Colleague: 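I have a structure here, written as structure tokens, and I will follow up with some questions on it.
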Amino acid sequence: MRMFLKAVLATAALLPLHSVYAQVTLYEKEGLRGRVFTADRAIDDLTRYGFNDRASSVIVQGGKWEFCEHQNFEGRCTVLRPGQYPSFSAMGLDNSVSSIRKVKGRPANAYAPPPPVPPPYPYYPHHGETLYQANVVAVRAVVGAPEQRCWVEQQQVQSNNSPNIGGAIVGGI
């Protein structure tokens, strides 16, 4: 009985990892903006979720996914690999996706465009958000006793309602 319980607990612990690994996020507008729908399993009809023929962009996070223009994975289908796709219109699928599913094995009769160039930073910026980058010029390993802990004290510093770019650069260094 104990062995069975351990197996059930181990399986339950691994289930969330699978859903995080294979996931798509559909956006209602181009440029990864607007209303969002996230799926980690096959959806044969997006009408039930209020997202039928509404997707204009997508982020694929893990695995290959098939996007079909009709319900029940019928009509023209496109297979996308992991990456950001800020516009479905380039693939002829703008506002026409009705069903999605993770591809197992080789897809039949599907077009697979080349994967997008991955962003240099895995954070996906939101519309209208400004990111500031600073080059790291030096890194040093600090070794100490295992009972010592490190932490970061955070505070927001702004002057005249503008971002502190100088502080961001110094902090990056």
Side-chain angles (χ1 to χ4, degrees), residues 7-136 139 152 154 156 163 165 168-169 171-172:
V8 169
L9 290 175
T11 304
L14 292 176
L15 285 177
L17 293 177
H18 173 71
S19 65
V20 170
Y21 175 71
Q23 178 176 307
V24 294
T25 304
L26 297 167
Y27 293 85
E28 191 172 34
K29 296 182 180 178
E30 287 193 354
L32 309 173
R33 299 180 296 126
R35 212 169 54 129
V36 175
F37 175 76
T38 301
D40 60 358
R41 59 182 174 79
I43 307 289
D44 61 353
D45 185 4
L46 287 168
T47 303
R48 290 181 276 180
Y49 303 95
F51 226 82
N52 187 44
D53 295 339
R54 292 186 182 236
S56 293
S57 55
V58 67
I59 295 176
V60 178
Q61 298 171 331
K64 293 179 183 176
W65 284 79
E66 185 175 41
F67 298 82
C68 299
E69 67 180 348
H70 297 306
Q71 299 164 349
N72 298 317
F73 317 107
E74 294 179 1
R76 192 169 60 85
C77 296
T78 300
V79 176
L80 299 178
R81 299 176 204 161
Q84 294 183 29
Y85 297 87
S87 175
F88 265 152
S89 61
M91 295 172 259
L93 286 175
D94 192 31
N95 294 327
S96 65
V97 174
S98 295
S99 56
I100 60 174
R101 67 179 163 187
K102 187 169 190 277
V103 175
K104 296 175 184 168
R106 240 187 137 131
N109 302 326
Y111 165 71
V117 176
Y121 182 61
Y123 173 77
Y124 300 119
H126 301 289
H127 177 66
E129 181 179 48
T130 304
L131 295 180
Y132 299 97
Q133 296 182 1
N135 293 329
V136 177
V139 177
V152 176
Q154 297 180 357
Q156 185 166 350
I165 296 172
I169 293 172

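Nothing here was measured: the structure is a model prediction, and the numbers come from that model. Start at 1 with the first residue, then count along the sequence.
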Colleague: Would Q71 and S98 count as having a side-chain donor-acceptor pair, cut-off 3.5 Å?
Modeller: no

Colleague: Side chains of Y85 and M91: does their closest heavy-atom pair fall under 4.5 Å?
Modeller: yes

Colleague: About how many Å separate CZ of R54 and NZ of K29, when rounded to the nearest 0.5 Å?
Modeller: 11.5 Å

Colleague: Which value, rounded to the nearest 0.5 Å, describes the distance between I100 atom CD1 and R41 atom CZ?
Modeller: 9.0 Å

Colleague: As a quick check of understanding, evaluate side chain to side chain contact (heavy atoms under 4.5 Å, CB included) for W65 and V58, giving each step before the final call.
Modeller: CA-CA 11 Å; W65 284 79; V58 67; over 6 Å; no

Colleague: If we only count heavy atoms from C-beta on, is the D44 to R101 side-chain gap below 4.5 Å?
Modeller: no

Colleague: List the atom of T38, the atom of V36, and the distance in Å for their closest heavy-atom pair.
Modeller: OG1-CG1, 3.9 Å

Colleague: So Y27 and I59, do their side chains get closer than 4.5 Å, heavy atoms only?
Modeller: yes

Colleague: Search all heavy atoms of D53 against all heavy atoms of E69 and return the closest pair with its distance.
Modeller: OD1-O, 4.4 Å

Colleague: Given 3.5 Å as the limit, does a donor-acceptor pair link the side chain of N72 with the main chain of E74, or not?
Modeller: no

Colleague: What is the distance from atom OH of Y49 to atom CD1 of I43, rounded to the nearest 0.5 Å?
Modeller: 4.0 Å

Colleague: Hey, does E28 have a side-chain heavy atom less than 4.5 Å from the side chain of F51?
Modeller: yes

Colleague: Using the side-chain hydrogen bond (donor to acceptor under 3.5 Å, both in side chains) rule, pick out the option among S89, S57, S56 that qualifies with E30.
Modeller: S89

Colleague: Quick check for you: to the nearest 0.5 Å, what is the distance between S99 atom OG and L46 atom CG?
Modeller: 7.0 Å

Colleague: Looking at NZ of K102 and CG of D40, how far apart are the two atoms once the value is rounded to the nearest 0.5 Å?
Modeller: 11.0 Å

